[in-house]
Amino acid sequence: MEARLRTVLPDQELLRLYEQMFVSREFEERCAEQYTKGHITGFLHLYSGQEAVAVGATAGLHRDDYILSAYREHAQAIVRGADPRRVMAELFGKATGICKGKGGSMHLFDPSINFMGGYAIVGGQFPISVGLAFAARYRGEDRIAACFFGDGAVNQGTFHESLNWAQLWQLPVLFICENNFYGIGTEVHRSSALASIHKRTCGYDMPSEKVDGMDVIAVYRAVKYAAEKVRETSRPYFIEATTYRFRGHSMADPAKYRSAAENEMWKARDPLPNYAKRLIEEDVATREALGAIEARCRTSVDEAVKFAEESPWPEDSAVWEDIYV
Amino acid sequence: MSEMTYRDAVNLALKEEMRRDASVFVLGEDVALYEGSFKVTRGLLAEFGEERVKDTPISENTIIGVSIGAAMGGLRPVAELMTVNFALLAMDQIVNHMAKIRSMFGGQTFLPMTIRMPGGGGSQLGAQHSQSLETYFMHCPGMYVLYPATPADAKGLLKSAIRNNNPVIFLEHELLYNSKGEVPEDPEYSIPIGKADVKRPGEDVTIVAYARMSILALEAAEELAKDGISCEVLDLRSLAPLDEAAILASVRKTGRAVVIEECWRTCGLGAEITSRIYENCFDILKAPVKRISGLDVPMPYSRKIEKICIPQPVNIRQAVMDVMSGEY
Ligand SMILES: Cc1ncc(C[n+]2csc(CCOP(=O)(O)OP(=O)(O)O)c2C)c(N)n1
Ligand SMILES: [Mg+2]
């Protein structure tokens with residue numbers, strides 16, 4: 001049975017989840033437009049369709065908890081609190097970007113909000129998350145490390161080595177697998193002998209569960225429970241959130257390997273309209289109130305694009321800066 | 001001869017060798033159904049089927065380890081690493097295993113395998129996806145390293161690589177995939193490993209280059225010809241074994257050398273080549289050897305500053321003018 005929304009969170013929080021999902025979607029769709037115009041270059045991996053995972057999970061964590069992710073990470077950074085204007089400027093390669101234009105779409109980072117990076121080498125973030133969790137425990141800090149990754153990443157050596165390590169040293173790491181069923185064009189059952197990814201943790205005696213990643217409330221509840229467990233026990237925990245990316249792997253991928261029927265099935269489960277419907281049905285908000293939230297999100301993304309357009313390019317001398325402390 | 005892209009030339013070499021030898025098979029991430037992240041393996045699955053064209057998990061070290069085992073077991077694997085950057089995850093199997101096995105086991109076995117990997121910078125892919133690691137491979141004895149500049153060389157060299165009984169690292173430049181050129185149709189056409197190629201003969205300066213840098217060197221040479229400077233462009237093609245004889249012969253003819261490398265300058269292949277020129281041609285050099293290199297920095301994303309980290313034709317022109325003018 002689905003819980004009534006108001007038994008889970010207060011109205012204001014429930015609406016904030018909607019706002020965060022909407023701004024994420026809006027941001028990604030505007031990125032696609034700016035890429036087509038040639039303002040964003042390089043690889044661009046969009047998150048549209050997966051919003052319920054970043055939003056629900058972030059809501060279930062504390063602000064002090066670390067977040068790490070891969071290269072499809074705009075939403076995770078923004079939802080955690082990164083300034084959309086500086087994220088967009090980063091994607092434009094401008095000096096005002098969140099990494100001064102040096103990182104680009106795949107490499108966002110903002111330690112002021114404990115967003116510890118987007119990594120483009122598949123599996124690179126696993127051991128780094130374990131190390132951050134170790135540092136937190138070592139220094140007696142009350143925080144955990146949340147490590148996001150895709151279904152494709154679970155066949156890297158670092159995945160297995162890090163799961164074992166986190167359990168062996170009893171470190172507060174929350175592993176969150178965003179299973180969107182494809183690593184580029186390869187469907188999960190064609191790359192993993194055990195396609196039910198959360199079951200893989202039994203080799204490390206690590207508790208795990210699977211959650212509907214198209215349902216922001218389900219993700220929130222699962223992550224909140226898991227994060228508290230990790231915090232209390234200083235032991236790792238594993239969540240597999242099943243979800244879908246509505247676009248290709250990157251802007252360069254027309255995603256011809258997925259059938260129209262499959263696309264339709266997942267589009268019907270789009271986390272945004274479904275959550276909006278629930279908010280209205282349970283009298284948390286009117287359609288008009290949601291409309292006002294949506295307008296606010298659009299304005300914020302408009303401002304981000306304008307800021308990025310008007311920002312200066314980095315100086316040539318910047319290439320020699322920030323390499324060593 | 002027929003005109004085709006560098007991508008299609010690589011593709012054709014793969015198809016011809018797979019038709020010719022049933023022990024040749026292809027493996028890598030997204031090489032089968034998806035036909036390659038750069039579409040280099042297009043049509044392979046349809047023609048050769050699932051047993052010979054294999055999608056793999058994202059497990060680079062094991063892609064190479066499995067290839068080594070398959071080669072030891074009598075097959076002729078052609079592994080694709082999606083980009084050269086991911087070869088760093090496979091360096092254990094490449095350096096500690098592949099390059100050592102024949103010698104360490106006293107010559108009792110051999111590894112007839114090829115590892116293809118696209119690489120190079122210039123597409124705003126950021127620090128982790130824009131590396132030029134050719135020197136990393138050259139540094140390690142026990143394997144060959146090839147890096148073609150043109151479609152004809154790409155086809156001819158890949159065929160030699162696949163037929164060769166040693167492990168071969170076969171680099172492809174991402175920004176050359178769409179470049180076009182005439183390619184011989186003869187299925188027996190191949191380019192020998194270890195032979196550099198004079199892509200443009202000249203009298204005044206030798207420009208030593210490879211892969212995309214050779215294309216830029218040719219552009220620069222064309223411009224310099226208008227100023228009355230005659231450049232000889234030597235395209236290495238094979239980085240290991242290095243065709244030292246060809247380098248020295250050209251420098252002995254011109255008396256001047258400019259070496260272009262896309263990789264980082266420090267301990268780069270340019271330093272190796274420059275040093276061999278000094279060791280062997282000191283007596284006849286009319287000017288110090290000049291190196292043009294990638295900047296010693298992690299590649300920035302922003303296109304505004306990315307371009308200054310990679311050699312441009314204008315840098316090559318300037319270097320040639322410097323060695324000609326005596327103002328080093
Ligand atoms: C070590 C390494 N190998 C290969 C790649 C190329 N690559 C980039 S994304 C990707 C697929 C990853 O899929 P998944 O983990 O499911 O994440 P998703 O893209 O679905 O979010 C691959 C193979 C890479 N970036 N790093
Ligand atoms: Mg995936």
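Numbers restart at 1 for each chain; the letters A, B, ... are given by sequence-line order, proteins then strands.
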- Can you say whether Ile58(B) sits under 4.5 Å from chain A via the side chain, the backbone, both, or neither, judging by heavy atoms? both
- Query: Just wondering, do Val53(A) and Tyr47(A) contact through their side chains at under 4.5 Å, heavy atoms?
  - Reply: yes
- Query: Checking heavy atoms, do the side chain of Leu88(B), its backbone, both or neither come under 4.5 Å from chain A?
  - Reply: neither
- Message: Can you confirm whether Phe86(B) sits close enough to Ile121(A) that some side-chain heavy atom of one is under 4.5 Å from a side-chain heavy atom of the other?
- Response: yes
- Can you name the side-chain contact (heavy atoms from CB on, under 4.5 Å) partners of Lys199(A), sequence neighbours left out? Leu194(A), Ser196(A)
- Looking at Leu89(B), Ile305(B), Leu295(B), which has the largest count of heavy-atom pairs under 4.5 Å with chain A? Ile305(B)
- Message: Are Phe175(A) and Thr201(A) packed together at the side-chain level, in the sense that at least one heavy-atom pair is separated by less than 4.5 angstrom?
- Response: no
For a quick check, list the donor-acceptor atom pairs closer than 3.5 Å between chain A and chain B, or say none.
{"unit_1": "Gly38(A)", "atom_1": "O", "unit_2": "Arg303(B)", "atom_2": "NH1", "d": "3.4"}
{"unit_1": "Gly38(A)", "atom_1": "O", "unit_2": "Arg303(B)", "atom_2": "NH2", "d": "3.2"}
{"unit_1": "His39(A)", "atom_1": "O", "unit_2": "Arg303(B)", "atom_2": "NH2", "d": "3.3"}
{"unit_1": "Thr41(A)", "atom_1": "N", "unit_2": "Tyr301(B)", "atom_2": "OH", "d": "3.2"}
{"unit_1": "Thr41(A)", "atom_1": "O", "unit_2": "Tyr301(B)", "atom_2": "OH", "d": "3.2"}
{"unit_1": "Thr41(A)", "atom_1": "OG1", "unit_2": "Gln124(B)", "atom_2": "OE1", "d": "3.2"}
{"unit_1": "Leu91(A)", "atom_1": "O", "unit_2": "Tyr301(B)", "atom_2": "OH", "d": "2.6"}
{"unit_1": "Gly93(A)", "atom_1": "O", "unit_2": "Ser302(B)", "atom_2": "OG", "d": "2.6"}
{"unit_1": "Gly101(A)", "atom_1": "O", "unit_2": "Ser302(B)", "atom_2": "N", "d": "3.0"}
{"unit_1": "Lys102(A)", "atom_1": "O", "unit_2": "Tyr301(B)", "atom_2": "N", "d": "3.0"}
{"unit_1": "Ala120(A)", "atom_1": "N", "unit_2": "Gln128(B)", "atom_2": "OE1", "d": "2.8"}
{"unit_1": "Ile121(A)", "atom_1": "N", "unit_2": "Gln128(B)", "atom_2": "OE1", "d": "3.4"}
{"unit_1": "Asn155(A)", "atom_1": "O", "unit_2": "Ser59(B)", "atom_2": "OG", "d": "2.7"}
{"unit_1": "Gln156(A)", "atom_1": "NE2", "unit_2": "Glu60(B)", "atom_2": "OE1", "d": "2.8"}
{"unit_1": "Gly185(A)", "atom_1": "N", "unit_2": "Asp30(B)", "atom_2": "OD1", "d": "3.2"}
{"unit_1": "Thr186(A)", "atom_1": "N", "unit_2": "Asp30(B)", "atom_2": "OD1", "d": "3.4"}
{"unit_1": "Thr186(A)", "atom_1": "OG1", "unit_2": "Asp30(B)", "atom_2": "OD1", "d": "2.7"}
{"unit_1": "Arg190(A)", "atom_1": "NH1", "unit_2": "Asp55(B)", "atom_2": "OD2", "d": "3.3"}
{"unit_1": "Arg190(A)", "atom_1": "NH2", "unit_2": "Asp55(B)", "atom_2": "OD2", "d": "2.9"}
{"unit_1": "Asp253(A)", "atom_1": "OD1", "unit_2": "Tyr34(B)", "atom_2": "OH", "d": "3.2"}
{"unit_1": "Pro314(A)", "atom_1": "O", "unit_2": "Lys304(B)", "atom_2": "NZ", "d": "2.7"}
{"unit_1": "Asp316(A)", "atom_1": "OD1", "unit_2": "Lys304(B)", "atom_2": "NZ", "d": "3.0"}

- Query: Which region of Ile184(A), side chain (C-beta onward) or backbone (N, CA, C, O), has a non-hydrogen atom less than 4.5 Å from a non-hydrogen atom of chain B, or is it both or neither?
  - Reply: both
- Item | Region of Leu44(A) that comes under 4.5 Å of a non-hydrogen atom in chain B | neither
- Report yes if some heavy atom in the side chain of Phe137(B) is under 4.5 Å from a heavy atom in the side chain of Met117(B); otherwise report no. yes
- Query: Are the side chains of Leu216(B) and Ile260(B) in touch, meaning some heavy atoms are under 4.5 Å apart?
  - Reply: no
- Query: Of all residues at least two apart in sequence or in a different chain, which pass the salt bridge (charged side-chain N to carboxylate O under 4.0 Å, His left out) check with Glu264(A)?
  - Reply: none
- Query: With sequence neighbours left out, what residues match Tyr244(A) under ring pair (Phe, Tyr, Trp, His ring centres under 6.0 Å)?
  - Reply: Trp266(A)
